[in-house]
Student: 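First, the structure itself, so that you have it in front of you.
Per chain, numbering begins at 1; letters A, B, ... match sequence-line order.
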There are 2 protein chains.
Amino acid sequence: MLVMTDGAADRSPRRPSRAGTGHRRSTGRDVAELAGVSQATVSLVFSGKTSGRVSAEVEERVRHAAAQLGYRPHASASTLRAGRARTVGLLVPDITNPFLGHVLRGAQRAGREHGVTVALIEPGSERNWQLTAMNALNAAAIDGMMLFAIEPPPSAAPTDLGPTVLVEAVAEGFPSVLLDVRQGTAAAVGYLLELGHRRIAHLGADLPPTTFKARASQWRRLLRRAGVDATEAPEVLAAFDLHAARGAAHQLLSMTPRPTALFCDDDLLAAGALMAAHDLRIPVPDQLSIMGFAGTLLSEAATPQLSTVLAPAEELGALGLRTLLQAMDGQATSPEPLPMTLVPRASTAPPRPPDR
Amino acid sequence: MLVMTDGAADRSPRRPSRAGTGHRRSTGRDVAELAGVSQATVSLVFSGKTSGRVSAEVEERVRHAAAQLGYRPHASASTLRAGRARTVGLLVPDITNPFLGHVLRGAQRAGREHGVTVALIEPGSERNWQLTAMNALNAAAIDGMMLFAIEPPPSAAPTDLGPTVLVEAVAEGFPSVLLDVRQGTAAAVGYLLELGHRRIAHLGADLPPTTFKARASQWRRLLRRAGVDATEAPEVLAAFDLHAARGAAHQLLSMTPRPTALFCDDDLLAAGALMAAHDLRIPVPDQLSIMGFAGTLLSEAATPQLSTVLAPAEELGALGLRTLLQAMDGQATSPEPLPMTLVPRASTAPPRPPDR
DNA sequence: CTGAAAGCGCTTACAG
DNA sequence: CTGAAAGCGCTTACAG
């Protein structure tokens, strides 16, 4: 049996080493020695700045030596010297949001192409996200950040925060990356209208980001244009969780005359509405159509499967990252909003004429 | 309008500065100057090593000066000098797994107490997770890692990888943090038996981690002990996604005699089973009981809501982190597995006597 | 095309 | 209880 001593021998003042692993990390100097070049050349090779500086033959020698030693540049040394971390933060209000995984994945994939790492940050217990963000920025742990469905307070000027891009949120002076929620809402509500529904109620999310306001106003506009009166098409807002949505849907479904369709701000809310319909023994889609929004796993897993409007989540994350990279270069421009796709499934059908 | 120039003036060779923010980050030296102490004292204050080294009065002065300047220690400088990143990696096979958000949250909260950050790493496009992990470790970006539901290949010795803890996975020589899956399975299957079911089929996940094997063997053991023959209680394995689960459940539900209950390895698989029951017009729970496993959002959002066994996800993450911290100190011990909790909901009921 | 050297902002053993 | 100084491993302008 091998007993790993970590003690006396390792306590030399100037030579900190990774605990427990036994072997010392190799450095650029080690690689340089083995390859017979200077340490600067090694650095050039690993930062991809060889063109016109290092010959192909020397580069090959360096890479070979590095592979032999299992060398990777020390991220912190590089950050410290170069003044950038090549890491950006993705600040989210709730890590457990099912949509998020795909946004993060898209951002990470796009980041990988540019040598940038995406760190997921949930402000959580700290007082507020702005503090968290400033801390990360001041600690030089990140070079910039994406705020997902969080709006900066009006007091926060873009220059206070360092390079920042809003994803599914809007604020004066910040570049935004958005879904085309108006078009998505038009697709969803238009589809319900085409099926023959008129009493299309709205189960909305009671959250500040404008992405939700846009759904509401567009829904209202389309119904008005179709000649549906506001009294026929009620609206209830719910907190962004299953149980609040279930309660709000109960309200909507107790109205007389009862809505024949529910347009929900998110799949999560639609899942809550499905629970309410089940509670009240209202068959879906025979007596009630339910439309989700987002196209998460939840819309597929629901019974019946939810008709929804699919958001290109990975693309949103990737576009967010690319826009942030531009903002870090001082070129902050908001790209075109990303189109959404209607996905008709089993939770929607033409309205049935009332039985009585 | 303010035009932010980033150019000439900033191009001095020795003085890299954060782009676009206008103001230079303040350093420990700035704080020291303002507080009238040495830079070393500032460092002592911020690394919490003041006791018996810095007087309360001086500490207060330093903190005040730091607050005025908005100072935060430079994370990379600290990492470089101290030889540890105070960051650990959480390696996961699939970022979008709904269970994961809670595990990560638990790990992050526990980490915060120890000044440790948890970075979420999805190996994704890279060749394999081991490469990703070694890269992160070699780049000194992380000090250790948790592998969530991933088993290291038999060839990987614990010493190759640096400090590593397995979460919901087991391998020779690595400390493991586990759910008490045997107890959870006993709760689930015991509950179905008590309801009066005998033909309890198993819809299993076709994945390597032993956590799944444990469910299968425990299910089989309990049925055998209850006198239920293997032919009465069939088993089908499915890939870990909704559609595979749906297909596998179709298989189980086409058998004669049909199982009266399905014990599923995860809520996701149970949701697929629910879809299959719906496809086949088998009412749940009247003609078929379905048990999930995990207690994710999916089990709540399903219609009917899924009876399940709740895994303490946040606690699992927190315990994983604490165990990793111990492993980094050379004290690698596997804690007791975490108990799971039966949550009876609407997808289970006593079996109905066959109609014919 | 390559090398020598400065210095990023910290931490820490040591001297006082 | 406090300060001066070394050095972690890089990147980069400059000299050759």
Side-chain angles (χ1 to χ4, degrees), chain A residues 10-18 24-33 35-62 66 69 71-86 115 138-141, chain B residues 10-18 24-33 35-62 66 69 71-86 115 138-141:
Chain A
D10 231 34
R11 289 247 174 79
S12 80
R14 307 297 177 206
R15 177 105 278 305
S17 92
R18 202 140 46 83
R24 183 176 143 291
R25 328 179 47 237
S26 45
T27 70
R29 182 177 298 274
D30 300 328
V31 176
E33 222 162 275
V37 300
S38 78
Q39 195 242 39
T41 303
V42 175
S43 172
L44 256 18
V45 167
F46 275 88
S47 49
K49 293 179 181 160
T50 51
S51 133
R53 316 268 277 112
V54 178
S55 68
E57 190 255 328
V58 167
E59 169 160 4
E60 181 44 36
R61 229 162 63 216
V62 168
L69 296 173
Y71 169 75
R72 296 235 79 201
H74 192 294
S76 294
S78 161
T79 294
L80 177 59
R81 185 57 185 85
R84 35 184 181 61
R86 306 207 68 81
N138 271 337
Chain B
D10 231 34
R11 290 247 175 78
S12 82
R14 305 299 177 208
R15 173 107 277 305
S17 92
R18 200 141 45 84
R24 183 176 142 290
R25 324 179 53 234
S26 43
T27 70
R29 182 177 297 275
D30 300 329
V31 175
E33 221 163 275
V37 301
S38 79
Q39 196 242 39
T41 303
V42 174
S43 173
L44 255 19
V45 168
F46 276 88
S47 49
K49 292 179 181 160
T50 51
S51 133
R53 315 269 278 110
V54 180
S55 69
E57 191 254 330
V58 166
E59 169 160 6
E60 180 46 35
R61 232 161 63 214
V62 168
L69 296 173
Y71 169 74
R72 296 234 80 202
H74 192 296
S76 294
S78 161
T79 294
L80 176 58
R81 184 58 184 84
R84 38 184 179 60
R86 305 205 69 80
N138 271 338

Student: What nucleic acid atoms does A:Thr41 come within less than 4.0 Å of, heavy atoms only: base, sugar-phosphate, or nothing?
Tutor: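 Contact class for A:Thr41: sugar-phosphate only.
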
Student: Over how many whole Å does the gap from A:Glu33 atom CD to C:dT2 atom C1' extend?
Tutor: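 In whole Å, C:dT2 C1' and A:Glu33 CD are 17 Å from each other.
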
Student: Round to a whole Å and report the spacing from CZ of A:Arg81 to P of C:dG9.
Tutor: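 Distance check: A:Arg81 CZ to C:dG9 P gives 10 Å.
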
Student: Over all strands shown, is A:Val37 touching base, sugar-phosphate only, or nothing at heavy-atom distances under 4.0 angstrom?
Tutor: sugar-phosphate

Student: Does A:Arg61 pair with A:Glu57 as a salt bridge, N-O distance under 4.0 Å?
Tutor: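 So A:Arg61 pairs with A:Glu57 through a salt bridge.
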
Student: In whole angstrom, what separates A:Arg72's CZ from D:dC8's P?
Tutor: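 Roughly 22 Å, once rounded to whole Å.
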
Student: Going from NE2 on A:His74 to OG1 on A:Thr79, what distance comes out if it is rounded to the nearest 0.5 angstrom?
Tutor: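 One gets 9.5 Å once the value is rounded to the nearest 0.5 Å.
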
Student: Counting heavy atoms from C-beta on, name the nucleotide in C:dT12, D:dT12, D:dG9 closest to the side chain of B:Ala40.
Tutor: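 Closest nucleotide among those given: C:dT12.
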
Student: Across the strands shown, which category fits B:Ser43 at heavy-atom distances under 4.0 angstrom: base, sugar-phosphate, nothing?
Tutor: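 Base contact.
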
Student: From CG of B:Leu44 over to C1' of C:dC14, roughly how many Å is that when rounded to an integer?
Tutor: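 Rounding to the nearest Å, CG of B:Leu44 and C1' of C:dC14 are 13 Å apart.
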
Student: So what does A:Phe46 hit on the nucleic acid, given a heavy-atom distance under 4.0 Å: a base, only sugar-phosphate, or nothing?
Tutor: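 Contact class for A:Phe46: none.
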
Student: Can you find a pair of side-chain heavy atoms, one from B:Val42 and one from B:Val45, that are under 4.5 Å apart?
Tutor: no

Student: With both distances kept under 3.5 Å, what pairs with C:dT2, Watson-Crick or G-U wobble?
Tutor: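 Across any shown strand, C:dT2 pairs with D:dA15.
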
Student: Among D:dC10, D:dT12, C:dC10, which nucleotide has an atom closest to any side-chain atom of A:Ala82?
Tutor: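 Selected nucleotide (nearest to the side chain): D:dT12.
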
Student: If I take atom NE2 in residue A:His74 and atom P in nucleotide D:dT11, what distance separates them, rounded to the nearest angstrom?
Tutor: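 Rounded to the whole Å, the gap is 12 Å.
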
Student: At less than 4.0 Å, is any side-chain N or O atom of B:Ser78 found next to OP1 or OP2 of C:dC10? Yes or no.
Tutor: no

Student: Counting just side-chain N and O atoms, does B:Ser76 come under 4.0 Å of either OP1 or OP2 of C:dC10?
Tutor: no

Student: If every non-hydrogen atom of A:Thr27 is compared with every non-hydrogen atom of A:Asp30, which pair is closest and at what distance?
Tutor: N-OD2, 2.8 Å

Student: Please report the distance, rounded to the nearest Å, between CD in A:Gln39 and P in C:dG7.
Tutor: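 Taking atom P of C:dG7 as the reference, CD of A:Gln39 is at 16 Å.
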
Student: Roughly, in whole Å, what's the span from NZ in B:Lys49 to P in C:dA13?
Tutor: 8 Å

Student: Could you walk me through whether B:Ser38 and B:Thr41 satisfy the side-chain hydrogen bond (donor to acceptor under 3.5 Å, both in side chains) test, starting with their C-alpha distance in whole Å, then the side-chain angles of each, then the deciding distance to 0.1 Å, before giving a yes or no?
Tutor: CA-CA 5 Å; B:Ser38 79; B:Thr41 303; 3.2 Å; yes

Student: May I have the distance from B:Arg29 (atom CZ) to D:dG3 (atom C1'), rounded to whole angstrom?
Tutor: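 Value for this atom pair: 12 Å.
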
